[in-house]
Every structure is written in structure tokens, then in C-alpha cells.
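Each remark here refers to the structure printed beneath this line.
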Amino acid sequence: MDKIDNLDKKILNIIMENARIPSKDVAVVCGVSRAAIHQRIARLVEMKVITGSGYHVDPCTLGYNTCTYIGVRLQKGSMYREAAKLLAEIPEVVECHFTTGPYSMLIKVYAKDNQHLMDLLNNKIQHIPGVTETETLISLEQSLNRQIKVNVDKSAPNRKKS
């Protein structure tokens, strides 16, 4: 796999901050042509460094006022893949992680309110085969949401790719 250089890293940091920034503005900041920015971004997508794009929608504006993290214990860790498939069928489940520690899985769920959350827990999540226990943590406020920063080596010159 091709490596990413400092120019790629600069581009990544800029577009992670604002995915809708025009390529011409990225080109100005980076000191290269707009075509070079387009080529670099296309290559980063092809390399799967950039894995998606889109808009972030605030769930509260859609009526989902309760953000919850749920620790899920499974009868056996090997049941994870099947449980994850069934969780994926629940639209309110937006993240699912196979974890170490006291839980087999950690999931993130958006619910309209506490009654909706109780329904999701009692009638959907806890009915998944292998789920033995859940622990619910309601998020009161999200204080931080960001991408990992890409470190740019300020002493290294940008190198052209062949």
C-alpha cells in the first residue's frame, strides 16, 4: 500500500475539520493546484484512508433526545457476530463494538425518550439470542466529538508521488 506523505496529511486535517471546504481553498492552504487536491483525495479514498463522506445530522432535531451507551454481556463471546447482525437490524443502534472487559459488546443507541429506550431494551436488545445482561448509561451531554488528528512532519518537504 502506498504511504501517505505530509501533503496527504495536511489535506486530511483540513477536510476532517470541514468536509465541505472547496478544493480550491484546500489547494491554496497547501500550495498546490486544485487538480492535485482532487487526485490526492481520490487516491486516499482508493487506499481506504478516507472511508466515507456525508453530513452529520443532529439526532435531537429528528426527535431522538436520548443518547445511550449499553454494555451487553453475551453467553459466549463467540456469539458476537450473530448478535451484531441482529443489532444492525435495529435502526436506533448506531454503533456496535466487540470489547474486552466486563462486556462482550458496547453499543450506542438513540431513543426518542426513556420510554422508547425501555422498549428497545426490553423488547429488542434483550431478546437477542445469547444476550444475558445489559447495563445502560445515558449520555447527559456530548462534550467532544472529533476525528483523530494526523501528525504532519513540519521538517519534511512534500514529496511528489510517481
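Owing to the predicted nature of the structure, the values given are computational and were not obtained by experimental measurement.
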Flag, side chain of Asn123 to backbone of Leu120, donor-acceptor distance under 3.5 Å: no
Glu95 atom CD, neighbour heavy-atom count above 12 within 6.0 Å: yes
Salt-bridge criterion met for Asp8 and Lys3 (N-O under 4.0 Å): no
Nearest heavy-atom neighbours spanning Ala111 and His116: CA-ND1, 3.4 Å
Side-chain donor/acceptor of Thr61 to backbone N/O of Asp58, under 3.5 Å: yes
Same apolar cluster (I L V M F W Y, side chains within < 4.5 Å links), Met118/Leu121: no
Distance in Å, Thr68 OG1 paired with Tyr110 OH, rounded so as to fall on 0.5 Å steps: 9.5 Å
Shared hydrophobic cluster for Leu106 and Ile125 (ILVMFWY, side-chain gaps under 4.5 Å): no
Side chain to side chain contact (heavy atoms under 4.5 Å, CB included) partners of Lys85, counting only residues at least two apart: Glu82
Value rounded to 0.5 Å, distance of CG in Leu44 from CD1 in Ile50: 4.5 Å
side-chain contact (heavy atoms from CB on, under 4.5 Å) between Val57 and Leu62, intermediate numbers included: CA-CA 9 Å; Val57 176; Leu62 301 175; 3.8 Å; yes
Close side-chain approach of Val131 and Ser104, heavy atoms under 4.5 Å: no
Same apolar cluster: Val109 and Phe98, side chain cutoff 4.5 Å: yes
Side chains of residues 143-152: which donor-acceptor partners sit under 3.5 Å, not counting sequence neighbours?
none

Minimal non-hydrogen separation, Leu117 against Thr136, with atom names: CD2-CG2, 4.0 Å
Minimum heavy-atom distance Asp5-Arg40, with the two atoms named: OD1-NH1, 2.8 Å
Pairwise salt bridge (charged side-chain N to carboxylate O under 4.0 Å, His left out) hits with a residue in residues 21-39, at least two apart: none
For the student: nearest non-hydrogen atoms of Ile14 and Cys30, plus distance: CD1-SG, 3.8 Å
Rounded distance (nearest 0.5 Å) linking atom NZ of Lys10 with atom CD1 of Ile15: 14.5 Å
Side chains of Lys9 and Ile4 in contact at under 4.5 Å (non-hydrogen atoms): yes
List the atom pairs, with distances to 0.1 Å, where a side-chain N or O of residues 71-80 and a protein N or O form a donor-acceptor pair under 3.5 Å, not counting sequence neighbours.
from	atom 1	to	atom 2	distance (Å)
Arg73	NE	Pro102	O	2.7
Arg73	NH1	Glu133	OE1	3.2
Arg73	NH1	Glu133	OE2	2.7

Point-to-point distance, once rounded to the nearest 0.5 Å, from CZ of Arg43 to CD1 of Ile11: 8.5 Å
Nearest-0.5 Å distance, CG of residue Asn13 to CE of residue Met16: 4.5 Å
For Thr134, all residues meeting side-chain hydrogen bond (donor to acceptor under 3.5 Å, both in side chains), sequence neighbours excluded: Gln126
Within one Ile-Leu-Val-Met-Phe-Trp-Tyr cluster: Tyr103 and Tyr69, side-chain cutoff 4.5 Å: no
Pair listing, ring-ring contact (aromatic ring centres under 6.0 Å, His included) test, anchored in residues 17-50, at least two apart: none
Test log, rule side-chain contact (heavy atoms from CB on, under 4.5 Å), inputs Cys67 and Gln142: CA-CA 9 Å; Cys67 174; Gln142 181 177 353; over 6 Å; no
Reported CD1-to-CD1 distance for the pair Ile107 and Ile70, which is rounded to 0.5 angstrom: 4.5 Å
Sidechain-backbone polar pair: His127 side chain, Asn122 backbone, donor-acceptor under 3.5 Å: yes
Full working for side-chain contact (heavy atoms from CB on, under 4.5 Å) between Ile21 and Val29: CA-CA 11 Å; Ile21 187 170; Val29 172; 5.8 Å; no
Met105 versus Cys96, closest heavy-atom pair with distance: CE-SG, 3.2 Å
Joint hydrophobic cluster, Leu7 plus Val28, side-chain heavy atoms closer than 4.5 Å: no
